[in-house]
Novice: 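Supplied in structure tokens, the structure appears directly below.
The sequence lines fix the lettering, A, B, ..., with proteins before strands; numbering per chain opens at 1.
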Number of protein chains: 2
Amino acid sequence: MDEFRETELKKRISESTIRRLSLYHRALEIVEDNGSETVSSKELAKIEKLTPAQVRKDLSFFGSFGTRGLGYPVKDLKAKIARILGIDRVWNIALVGVGNIGSALVSYKEFARQGFKIVKLFDNDQRKIGSNHKGIVVSDIKNIVSELSGSEIEMVVICVPGSVAQFVVDDIVKAGLRAILNFAPVNLKVPDDVFVRNENMAMELEYLSYALVNNHSKNRVK
Amino acid sequence: MDEFRETELKKRISESTIRRLSLYHRALEIVEDNGSETVSSKELAKIEKLTPAQVRKDLSFFGSFGTRGLGYPVKDLKAKIARILGIDRVWNIALVGVGNIGSALVSYKEFARQGFKIVKLFDNDQRKIGSNHKGIVVSDIKNIVSELSGSEIEMVVICVPGSVAQFVVDDIVKAGLRAILNFAPVNLKVPDDVFVRNENMAMELEYLSYALVNNHSKNRVK
DNA sequence: TCATCTATGTGAAAGCCTTCACAAAATAGG
DNA sequence: CCTATTTTGTGAAGGCTTTCACATAGATGA
Ligand SMILES: NC(=O)c1ccc[n+]([C@@H]2O[C@H](COP(=O)([O-])OP(=O)(O)OC[C@H]3O[C@@H](n4cnc5c(N)ncnc54)[C@H](O)[C@@H]3O)[C@@H](O)[C@H]2O)c1
Ligand SMILES: NC(=O)c1ccc[n+]([C@@H]2O[C@H](COP(=O)([O-])OP(=O)(O)OC[C@H]3O[C@@H](n4cnc5c(N)ncnc54)[C@H](O)[C@@H]3O)[C@@H](O)[C@H]2O)c1
């Protein structure tokens, strides 16, 4: 069944809604661990600090999953969100740049538990190529196009310096891959059918800096 | 002069505008390295894949920095954005949880260059307490409230497991700090005057998963 | 000095997202 | 079976953000 898949006919779902689906999924794991069979939009909202109306509206884009007067069935809703997000399967991932941040990500077991399996590593440092990280032998970046083309790998995590990130991405695109998680602080140029998500920690620190300096407050006393 | 500081009188600046200021700042570094004296909203927009109108509108919230017919003075605008963001100074930061991701952040020299200096580390692992990371001796988490209270540290990066993140945050709030960058995949509860930014890598991977499965495309051929 | 060109700054319009508010559906309790 | 209660699902309203479009101001060059 493809009842939740977007098609040209259906309304475009906003990026914020998709990001919140991740939060709902995470919240449902908490609720499930608590042993609850059902959960209300109010409870879900509380866990992720959102509004109940927002939760209901987001879910309503994909169908009617709840029961009036009762709430949503926890196990069922979790499975349905997993299906919408496409995380009801395993994604094989390659990681390029086995340095500080790259190594930390490879060592992070939680990703694999969530279905995101890092199965291939690339680097250009001769001392790293051939070495073993958590059971994966680091490949030479030179071979990235051929090794990714037609492989089972569909996502790539970029952990190389900003100065070379675009070159790496060009190769990834050449290999036909369409999903990139980028840690380098540069805006990557890719064709329109390739998806890039950026992790920009400096930006988050700068936001905190702005908030402190401007004495923002969600409930400022006038 | 405080001409760029938000007050109750001025219009609230949106979060997206502030995040884009970070991008403009980064773009201006590129333009500066190229040796340009001035830059147009069109060029800045191109570097970060935004629209020229967006760039002009964002900047206009804080003043008139450009010259019609010419563009914006690069050095000047960069300094002005730095001042708005509060990154025209050094921020001292504490990091809690010197594990995979925590160690990677401590080793990342670029943060210090940008004025974000990690100057204190905390952990609860006896094998880590007292050990030296990049010149910083790891402190016992037990002493976090007293060591942060009244110190020169104003931001904290949380790199502990999700199960203990809230306890750590409670102590940080107790110590009077108001800015937290959180890597743990939990929604932290804090008072209204404390700022939390979350880095949620799983959420980004899930977004990529959704995009691939739903065959999204910015320019889909109908 | 004047005409032409370029690019800003900004109201207004358009578009998008969130919140409101309530009918409808189902439960729960007697 | 009936009433009171709960909570969903959703149009409509409201609010926020982006884009449009153009008057304006300054640059450039003859
Ligand atoms: N470490 C952090 O905390 C942190 C924080 C924010 C952003 N980043 C960004 O993440 C990226 C990596 O940071 P890091 O601290 O891990 O750096 P690093 O120097 O430790 O690691 C970079 C790795 O990339 C490899 N590499 C270099 N050129 C390559 C190429 N052409 N092909 C393949 N591999 C190549 C290097 O050999 C090295 O192993 C950088 O863009 C950095 O700006 C890092
Ligand atoms: N490593 C990654 O790539 C990655 C990716 C996404 C999210 N995260 C999140 O970042 C956090 C850290 O991940 P990690 O892989 O570095 O884990 P880790 O286990 O390597 O490190 C956690 C560190 O926190 C310390 N710690 C535990 N309890 C503590 C306490 N009460 N007080 C102080 N220190 C304490 C541990 O001793 C350890 O040094 C986790 O919440 C994880 O979910 C990590």
Novice: Could you check which of D:dC22, D:dT10, D:dT17 has an atom nearest any side-chain atom of B:Ser16?
Specialist: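 Looking only at heavy atoms from C-beta outward on B:Ser16, the closest nucleotide is D:dT17.
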
Novice: Between D:dT10, C:dT8, C:dT10, spot the one nearest the side chain of B:Lys57, thanks.
Specialist: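 The listed nucleotide nearest to B:Lys57's side chain is C:dT10.
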
Novice: Checking salt bridge (Lys or Arg N to Asp or Glu O under 4.0 Å) between A:Glu48 and each of A:Lys42, A:Arg26, A:Arg20, which is the one that passes?
Specialist: A:Arg26

Novice: CG of B:Asp58 versus P of D:dT18: gap in Å, rounded?
Specialist: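 After rounding, the gap between these two atoms is 7 Å.
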
Novice: Would you indicate, yes or no, if C:dT19 has its OP1 or OP2 atom less than 4.0 angstrom from a side-chain nitrogen or oxygen of A:Gln54?
Specialist: yes

Novice: Once you round it to whole Å, what is the distance between P of D:dT8 and CG of A:Leu77?
Specialist: 11 Å

Novice: The side chain of A:Ala53 lies closest to which of these nucleotides: D:dG9, D:dT18, C:dC20?
Specialist: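 Output: C:dC20.
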
Novice: Decide, yes or no, whether a salt bridge links A:Asp170 with A:Lys174 under the criterion of side-chain N to carboxylate O below 4.0 Å.
Specialist: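 A:Lys174 and A:Asp170: not salt-bridged.
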
Novice: If you only use heavy atoms from C-beta on, which nucleotide in D:dC20, C:dT19, D:dT10 is closest to the side chain of A:Thr51?
Specialist: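 Of the candidates, C:dT19 comes closest.
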
Novice: If the threshold is 4.0 Å, N to carboxylate O, is there a salt bridge linking B:Glu154 and B:Arg178?
Specialist: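 The answer is no: the pair does not qualify as a salt bridge.
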
Novice: Take atom CD of A:Glu15 and atom P of D:dT17, then tell me their distance rounded to the nearest Å.
Specialist: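 These atoms are roughly 15 Å apart.
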
Novice: Looking at B:Arg197 and B:Glu15, is there a salt bridge between them, counting it only when a charged N and a carboxylate O are closer than 4.0 Å?
Specialist: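 Result for this pair is yes, salt bridge flagged.
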
Novice: Assuming nearest nucleotide by heavy-atom distance, tell me which of A:Ser64 and A:Gly69 is located more 5' along DNA chain D.
Specialist: A:Gly69

Novice: Pick the closest DNA chain D nucleotide for B:Leu70 and for A:Lys42 by heavy atoms, then say which residue is nearer the 5' end.
Specialist: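 That would be A:Lys42.
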
Novice: At under 4.0 Å between heavy atoms, what does B:Thr17 touch on the DNA or RNA strands: base, sugar-phosphate, or nothing?
Specialist: nothing

Novice: Return yes if the base of D:dT6 and the side-chain atoms of A:Arg68 contain a donor-acceptor N/O pair under 3.5 Å, otherwise no.
Specialist: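 No pair found.
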
Novice: Tell me which of A:Arg20 and B:Ser41 sits closer to the 5' end of DNA chain C, going by the nucleotide each one is nearest to.
Specialist: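 The answer here is B:Ser41.
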
Novice: Name the closest nucleotide to the A:Thr67 side chain, picking from C:dA26, D:dT10, D:dC20.
Specialist: C:dA26

Novice: Considering only side-chain heavy atoms of A:Ser14, which listed nucleotide, C:dC17, C:dT18, C:dG9, is closest?
Specialist: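 Selected nucleotide: C:dC17.
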
